[in-house]
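Working notes, structure below.
Along the sequence shown, residues carry numbers from 1. Values below: all heavy atoms of this structure, side chains included; hydrogens, waters and symmetry mates excluded. First listed ligand is number 1; within each ligand, the first listed atom is number 1. It should be emphasised that the depicted structure is a prediction, and the values quoted were computed from it without experimental measurement.
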Amino acid sequence: MSAASDCVICRGEDGDHELDRVEVWREGGWRLTMARHGPTLGFAYLEPIRHIPYLADLDGDEAASLGAVLGRASATLRDASGAQLTYAYVFGGGVPHLHFHLAPNIPEGVLNTSLIEGRVEERKLPSGATEIISLDHPDLPPEELAAVIDRVRERLSE
Ligand SMILES: [Zn+2]
């Protein structure tokens with residue numbers, strides 16, 4: 001687990017200055033900051049005030065309040081920026097302090113909607129949903145996928 005003392009996000013306002021962003025809201029153990037530069041209107045970061053490294057480490061009061069905080073922040077960013085919806089991305093490889101990238105999206109905007117690197121193809125399902133298919137990476141063997149599905153189901157039912 002990474003140390004809070006080395007963490008730019010735990011440095012609060014000083015870290016915000018380095019990251020060129022400004023805090024706009026605190027609620028339920030979370031803070032919302034907004035980028036002061038970049039190509040996306042209303043780009044923001046929702047992060048726990050307490051040092052929680054990754055999404056898989058989320059627990060306690062922050063876990064209990066996340067839904068309400070995430071929903072309110074996303075709706076406010078959407079409405080204030082005139083977007084149709086707000087995308088949420090969580091990675092963790094760059095800064096090991098959990099943060100949701102909240103990005104209001106407009107159709108002609110710059111946001112990448114692909115979860116898969118490389119060439120992809122969109123296929124419309126009967127429901128109207130869009131499935132994204134990788135053209136560079138073949139599907140994994142169904143048995144391998146099924147084994148992980150089973151493990152997750154078992155562990156979550158314990
Ligand atoms: Zn931190």
Problem set entry | Partners passing side-chain hydrogen bond (donor to acceptor under 3.5 Å, both in side chains) against Glu23 (at least two apart in sequence or in another chain) | Arg26, Arg31
Seminar exercise, completed: Nearer than 2.8 Å to the Zn ion (ligand 1), the protein contributes N, O or S atoms numbering 4
Problem set entry | Side-chain touch His37/Arg21, heavy atoms, less than 4.5 angstrom |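 Contact flag for His37/Arg21 side chains = no.
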Exercise. For Asp139, does the CG atom have more than 12 heavy-atom neighbours from other residues, nucleotides or ligands under 6.0 Å away?
Worked result: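 Atom CG in Asp139 is not crowded, with 12 or fewer foreign heavy atoms closer than 6.0 Å.
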Exercise. Is the centre of the His99 ring less than 6.0 Å from the centre of the His101 ring?
Worked result: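 Yes.
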Exercise. With the threshold set at 4.0 Å, does a side-chain nitrogen-carboxylate oxygen contact exist between Asp59 and Arg50?
Worked result: yes
Exercise. Is any side-chain N of the basic residue among Glu122 and Lys124 closer than 4.0 Å to the acidic one's carboxylate O?
Worked result: no
